[in-house]
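Written below as structure tokens is the structure these notes are about.
In this text, all values refer to a predicted model and were calculated from it rather than measured experimentally.
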Amino acid sequence: MASADDGFRPLDEKSLIEYIKATPSLSSKLGNHFDDLQVKEVGDGNLNFVYIVVGGSGSFVIKQALPYIRCIGESWPMAKERAYFEATALNEHGRLCPGHVPEVYHFDRAMCLIGMRYLEPPHIILRKGLIAGHEYPLLAEHMSEYMARTLFFTSLLYRTTTEHKREVAEFCGNVELCRLTEQVVFSDPYKVSQYNHWTSPYLDHDAEAVREDNALKLEVAELKSMFCERAQALVHGDLHTGSVMVTHDSTQVIDPEFAFYGPMGFDIGAFLGNLILAFFAQDGHANQSNDRKTYKEWILRSIEDTWNLFEKKFTALWDEHRDGSGEAYLSEIYNNPELQQLVKQTFMKGLLQDTLGFGAAKMIRRIVGVAHVEDFESITDAGVRADCERRALNCAKMLLKKRREFQAINEVVSAIQQIHS
Ligand code: ADP
Ligand code: SR1
Ligand code: MG
């Protein structure tokens, strides 16, 4: 296929091989042996094309962004330049937390194409592991580490306002992806939209109730404004359980194409909100040999541990770098221990409330918006699925409206248990 003027051409399994042969940073990864090369397109995400490339002497993954949203089709155009922001965020988050981000081997800006480490089996997408009922004993430890480091080191707690503004300006370029989130998370679920769908007819009234809930709309407006206006840290921007790949002892965060400078709670909320969805889906996956009771307890424990470990690690980084160049709380002003304690407590309390708000908004969009989650979609009995979804939706509405009343994560877990029982 001929190249476009901008040097872009979509690849397929065949043309990718020619591309690899002509690209030293990729061909060298395969020891320049191409005879036994296996290339397979595996993209099961919503937006892009992902190829696994395995040769006798090495392997990698190639991800290419095309100028539209894959799960909808060419009728929904989307900036293919999202690949630039994904590669930049992978590099930046990878530098800050190398143990939990796949290494980038190659980036071709014109081709909107990233070459990165192949997270080989037994790595699987966390969402699939949660549906299968697998426990990951290090998940909370690893995800709290990833979030604490990426969010702390890209915030004004660590950086000067000069550095921060330069980075914020760069990521403002990812405007189309941010606008997609604005639409599908903060707008469409609250109005009639051609893209919305839900388990009908079971949830018809529930979806309508969301569209007519003034108190909910007031809260969502506040969150949308925070999402659009608060450049707090370099967030992943789409940190659901489909953006994490896991084994028993490895946790890797992929797919930060929605990255931008936004509120920290948007990432933490995405992750915890998706764990809450996984929790409410469990009854739909229970069967005679496994009632999923113990597994549900593990999910709730993981929610609690993730937040508590995050808080511990984030505030430890803050203490460690208190006299550094971060300009949010200048040490000349905030130098007495009592005040420091007060500042940290106030910050973390606000962050928990933001987390609950964004987490809840992310739950609602997955039940009555355009893009649903496999946790529920894989429950074949529509009536059972709707019951699970309704409990999750009610939980999300409660969290969104009452988020300011929660002082600690264990109170949130108790509230989730109450709605479930
Ligand atoms: P999208 O941007 O379309 O959501 P993802 O980045 O989520 O795409 O990738 C889609 C799928 O490709 C993932 O669900 C996973 O199965 C696979 N995948 C993506 N990156 C890797 C990787 N580095 N190693 C192994 N598999 C990967
Ligand atoms: C059309 S919305 C597609 C969704 O998939 C991505 O993973 C993001 O969550 C986006 O909102
Ligand atoms: Mg994805």
Side-chain angles (χ1 to χ4, degrees), residues 89-90 92-103 117 119-155 157-158 233-236 238-256 264-279 282 294-321 344 347-348 351-352 354-356 358-359 375 408-413 416:
L90 279 172
E92 177 65 349
H93 285 170
R95 186 178 68 76
L96 297 171
C97 195
H100 301 301
V101 179
E103 188 185 340
R117 176 186 162 196
L119 299 165
E120 68 293 343
H123 280 100
I124 59 165
I125 288 289
L126 173 59
R127 194 186 297 289
K128 291 188 187 292
L130 294 166
I131 293 167
H134 297 159
E135 288 188 19
Y136 296 98
L138 296 175
L139 182 68
E141 188 70 50
H142 289 170
M143 285 306 292
S144 59
E145 178 81 7
Y146 167 83
M147 294 191 292
R149 294 187 65 81
T150 58
L151 298 176
F152 177 82
F153 285 113
T154 60
S155 77
L157 296 174
Y158 180 73
L234 176 60
V235 298
H236 175 286
D238 198 23
L239 195 50
H240 54 79
T241 51
S243 295
V244 182
M245 293 191 73
V246 283
T247 67
H248 187 264
D249 34 38
S250 164
T251 307
Q252 304 290 326
V253 177
I254 61 168
D255 198 13
M264 296 180 182
F266 192 71
D267 269 3
I268 314 167
F271 184 65
L272 297 188
N274 274 264
L275 286 183
I276 303 174
L277 291 178
F279 170 82
Q282 292 305 315
T294 312
Y295 193 60
K296 281 189 280 193
E297 284 163 12
W298 177 80
I299 297 180
L300 292 182
R301 216 164 42 245
S302 298
I303 292 169
E304 198 165 330
D305 290 352
T306 302
W307 172 265
N308 286 334
L309 286 166
F310 168 80
E311 180 166 29
K312 188 167 148 220
K313 291 173 195 208
F314 188 90
T315 51
L317 288 171
W318 193 341
D319 285 340
E320 197 185 319
H321 297 277
K344 267 189 288 187
F347 185 99
M348 295 314 292
L351 185 51
L352 176 62
D354 295 352
T355 295
L356 298 178
F358 286 121
D375 310 59
I409 192 77
N410 64 323
E411 296 170 13
V412 179
V413 166
I416 296 170

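The minimum heavy-atom distance between Thr154 and Ala233, with the atom names listed, is OG1-CB, 3.5 Å. Nearest heavy-atom pair across Glu135 and Trp298 is OE1-CD1, 3.6 Å. Ser144 and Phe310 make their closest contact through CB-N, 3.4 Å (heavy atoms, listed as atom of the first residue, atom of the second, distance). Contact detail for Arg149 and Cys97: the closest heavy-atom pair is CD-SG, 4.3 Å. Shortest non-hydrogen contact noted between Ser243 and Asp238 is OG-O, 2.8 Å. Across Leu151 and Met264, no two heavy atoms sit closer than the pair O-CE, 3.8 Å.
Side-chain atoms of Ser250 never come within 3.5 Å of backbone atoms of Val246 as a donor-acceptor pair (strictly under, hydrogens ignored).
In this structure, Trp318 and Phe314 have perpendicular ring planes: the angle between them is above 60°, well past the 30° mark. Aromatic ring pairs are classed by plane angle as parallel below 30°, tilted from 30° to 60° and perpendicular above 60°; the pair Tyr146 and His236 is perpendicular.
Listed by chain and number, the residues in a ring-ring contact (aromatic ring centres under 6.0 Å, His included) with His142 are His100 (sequence neighbours excluded).
Leu130 is listed as a side-chain neighbour of Leu275, based on a closest heavy-atom distance under 4.5 Å. Counting only heavy atoms from C-beta outward, the side chains of Asp249 and Thr247 approach each other to under 4.5 Å. In this structure, the side chains of Thr251 and Tyr136 stay at 4.5 Å or more apart for every pair of heavy atoms.
Separating the CG atom in Leu157 from the CZ atom in Phe347 is a distance of 5.0 Å, to the nearest 0.5 Å. Note that the CG atom of Leu96 and the CD atom of Glu145 stand 11.0 Å from one another [nearest 0.5 Å]. Between atom CZ of residue Arg127 and atom CG of residue Leu277 there is a gap of 7.5 Å, rounded to the nearest 0.5 Å. For the atom pair CG of Leu272 and CD1 of Ile299, the computed distance is 12.5 Å after rounding to the nearest 0.5 Å.
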Exercise. Check step by step if side chain to side chain contact (heavy atoms under 4.5 Å, CB included) holds for Ile409 and Asn308.
Key: CA-CA 8 Å; Ile409 192 77; Asn308 286 334; 3.4 Å; yes
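Tyr158 OH: 12 or fewer foreign heavy atoms inside a 6.0 Å radius. Atom NE2 of His248 has 12 or fewer neighbouring heavy atoms from other residues, nucleotides or ligands inside a 6.0 Å radius.
Electrostatic pairing of Glu304 and Arg301 does not count as a salt bridge here, judged by no charged N lying under 4.0 Å from a carboxylate O. Remark: Lys313 engages Glu141 in a salt bridge, criterion side-chain N to carboxylate O under 4.0 Å.
Under the 6.0 Å cut-off for aromatic ring centres, Tyr295 and His134 do not qualify, their centroids lying 6.0 Å or more apart.
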